[in-house]
Asker: 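Below is one structure. I have some questions about it.
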Amino acid sequence: MTPSRFAGRRALITAAASGLGWSMACRLADEDAEVIVWDRDEAAMEAARAETGSRAIAIERVDMSDPGAIAGAAGRAGKLDILVNNAGGSLHTPQSFLEQSEEDWARVMDLNVTAAVRVTRLVLPGMKERGYGRVVNMGSKAGRFGSLFAGANYSASKGAMQAFTLQLAQEFGPFGITCNAVCPGAILTPRVERLLSERKTPEERRAMLAGIPVGRHGRPEDVAAAVAYLASEEAGFVTGVMLDVNGGQAMSI
Ligand SMILES: NC(=O)c1ccc[n+]([C@@H]2O[C@H](COP(=O)([O-])OP(=O)(O)OC[C@H]3O[C@@H](n4cnc5c(N)ncnc54)[C@H](O)[C@@H]3O)[C@@H](O)[C@H]2O)c1
């Protein structure tokens with residue numbers, strides 16, 4: 001039986017009806033958290049509902065690019081002990097910085113940074129009042145080292161999330177609130193799997209794998225386990241950390 005690390009805890013995970021966020025939601029709920037998942041994709045939400053089973057996961061339609069929707073849903077969320085700012089992504093459009101438009105920049109920054117800032121601003125006051133909180137931001141290997149695969153706008157947005165994490169850790173530590181970031185390398189969600197097979201030759205994929213010391217690609221469960229640790233009570237002395245989850249790949253860059 002899994003331990004009930006999160007009994008009595010309530011968590012919000014943004015953009016989480018599929019991919020890494022869904023894996024985190026299941027992991028926290030399996031350890032007895034009550035989890036609220038926001039997403040905008042009806043099909044993904046339907047599939048997630050079908051998979052929820054007996055887990056205490058509530059799934060709500062919230063488009064993270066809509067500040068009004070965020071404010072409304074945050075108001076309905078009630079007490080939150082854990083916030084995972086998971087929303088984010090790259091545009092899969094031109095990878096060269098010189099080809100990325102100003103509009104691309106704004107879209108990526110809006111979803112990957114500004115949306116997290118908006119949610120966090122609404123959730124932190126309650127955590128501060130209760131003297132307890134765990135904020136986990138989704139960074140990326142791209143934010144630490146850059147990424148020719150994801151592009152400059154994505155890397156810069158994840159770098160901003162790292163600085164945001166450090167700032168919150170300093171400012172809210174005195175109120176029992178920790179803030180950390182998880183920085184995954186490529187994790188084989190169905191979307192990433194598809195992208196890699198479209199953009200990388202089998203040879204390039206083999207070379208990629210050879211650059212990962214643990215000898216395999218990452219799985220959503222690897223990221224969920226890292227998030228669960230940082231979201232747990234026992235991680236109370238850990239704050240302002242960028243936790244790399246990349247099988248050691250960063251050492252080969
Ligand atoms: N998958 C990876 O390899 C990887 C690596 C490093 C970092 N990350 C980061 O982890 C996080 C999750 O990545 P993922 O690959 O699981 O994402 P994903 O692209 O698979 O999307 C997950 C969910 O986000 C939802 N979503 C997208 N835009 C939304 C919006 N505007 N409002 C509400 N929901 C929205 C989608 O509907 C989907 O259900 C992101 O911040 C990403 O940058 C992922």
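Numbers here simply count residues along the sequence, with the first being 1. The figures that follow rest on heavy atoms only: side chains count, while hydrogens, waters and symmetry mates do not. First listed ligand is number 1; within each ligand, the first listed atom is number 1.
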Asker: Salt bridge between E42 and R61, side-chain N to carboxylate O under 4.0 Å?
Answerer: yes

Asker: At a non-hydrogen distance cut-off of under 4.0 Å, which region of Y154 contacts ligand 1 (side chain, backbone, both, or neither)?
Answerer: side chain

Asker: Below 4.0 Å from ligand 1: does a non-hydrogen atom of A16 turn up there or not?
Answerer: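 Not so, A16 does not reach ligand 1.
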
Asker: Short question: side chain of R134, backbone of I177 - any donor-acceptor pair under 3.5 Å?
Answerer: no

Asker: Does V223 have a non-hydrogen atom less than 4.0 Å from ligand 1?
Answerer: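 In this structure, V223 fails to qualify as a contact of ligand 1 - no heavy atom is under 4.0 Å.
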
Asker: Check this for me: does any side-chain nitrogen of one of E198 and R194 sit under 4.0 Å from a carboxylate oxygen of the other?
Answerer: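 A salt bridge is present here (some side-chain N lies under 4.0 Å from a carboxylate O).
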
Asker: How far is atom 3 (O) of ligand 1 from the closest protein heavy atom, and which atom is that?
Answerer: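 Residue, atom and distance for the closest contact: I187 N, 2.8 Å.
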
Asker: Between V192 and ligand 1, which residue portion shows a heavy-atom distance shorter than 4.0 Å: side chain, backbone, both, or neither?
Answerer: side chain

Asker: Identify, for atom 37 (O) of ligand 1, the protein heavy atom at the shortest distance, and state residue, atom and that distance.
Answerer: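 Checked against all protein heavy atoms, atom 37 (O) of ligand 1 sits closest to D39 OD1, 2.6 Å.
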
Asker: Should R199 and E204 count as an ion pair when the cut-off is N to O under 4.0 Å?
Answerer: no

Asker: Using heavy atoms and a threshold below 4.0 Å, how should the contact between A186 and ligand 1 be classified: side chain, backbone, both, or neither?
Answerer: backbone

Asker: Apply side chain to side chain contact (heavy atoms under 4.5 Å, CB included) to residues I70 and W38 and explain how you reach the verdict.
Answerer: CA-CA 9 Å; I70 291 175; W38 291 351; 4.2 Å; yes

Asker: Any idea which atoms of ligand 1 are less than 4.0 Å away from a heavy-atom of S140?
Answerer: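 Numbered from 1, ligand 1 contributes 6 (C), 7 (C).
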
Asker: Give a yes or no on whether a salt bridge exists between D30 and R55, defined as a side-chain N under 4.0 angstrom from a carboxylate O.
Answerer: yes

Asker: In the protein, which heavy atom is nearest to atom 4 (C) of ligand 1, and how far is it?
Answerer: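 Checked against all protein heavy atoms, atom 4 (C) of ligand 1 sits closest to L20 CD1, 3.9 Å.
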
Asker: Between S155 (side chain) and G143 (backbone), is there a donor-acceptor pair under 3.5 Å?
Answerer: no

Asker: Could you tell me whether N86 and ligand 1 have an N or O pair separated by under 3.5 Å?
Answerer: yes

Asker: Determine, for Y229 and R5, whether the Lys NZ or Arg CZ falls below 6.0 Å from the six-membered ring centre while staying within 45 degrees of the axis.
Answerer: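 Not flagged: R5 not positioned over aromatic ring of Y229.
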
Asker: Would a 4.5 Å heavy-atom cut-off, applied to side chains only, mark Y132 and R9 as touching?
Answerer: yes

Asker: Using distance alone, determine whether P184 and ligand 1 share an N or O pair under 3.5 Å.
Answerer: no

Asker: Can you tell which part of L111 has a heavy atom less than 4.0 Å from ligand 1: side chain, backbone, both or neither?
Answerer: side chain

Asker: Pull out every atom of ligand 1 sitting under 4.0 Å from any heavy atom of D41, numbered as shown with elements.
Answerer: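 Heavy-atom distances to D41 below 4.0 Å select 37 (O).
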
Asker: Among all protein heavy atoms in this structure, tell me which lies nearest to atom 34 (N) of ligand 1, with the distance rounded to 0.1 Å.
Answerer: R40 N, 3.4 Å

Asker: Need the ligand 1 atom indices (1-based, order shown) with element for anything under 4.0 Å from a heavy-atom of S18.
Answerer: 22 (C), 23 (C), 38 (C), 39 (O)

Asker: Would S90 count as a contact of ligand 1 if the rule is a heavy atom under 4.0 Å away?
Answerer: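 Judged by the 4.0 Å heavy-atom criterion, S90 does not count as contacting ligand 1.
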
Asker: Examine the proximity of ligand 1 to A87 and report which part, side chain or backbone, both or neither, has a heavy atom under 4.0 Å away.
Answerer: backbone

Asker: To the nearest 0.1 Å, how far is atom 31 (N) of ligand 1 from its closest protein heavy atom, and which atom is that?
Answerer: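 Among all protein heavy atoms, the one nearest atom 31 (N) of ligand 1 is D63 OD1, 3.1 Å.
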
Asker: Which of these, M24, R191, M138, has its nearest heavy atom closest to atom 17 (O) of ligand 1?
Answerer: R191

Asker: Looking at K128 and E171, does any basic side-chain N land under 4.0 Å from a carboxylate oxygen?
Answerer: no

Asker: Do the side chain of S101 and the main chain of D104 share a donor and acceptor less than 3.5 angstrom apart?
Answerer: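 The answer is yes, because a donor-acceptor pair under 3.5 Å joins these two groups.
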
Asker: Under 4.0 angstrom from ligand 1, any heavy atom of K158?
Answerer: yes

Asker: May I have the step-by-step check of side chain to side chain contact (heavy atoms under 4.5 Å, CB included) for E129 and F175, ending in yes or no?
Answerer: CA-CA 8 Å; E129 204 178 295; F175 304 100; over 6 Å; no

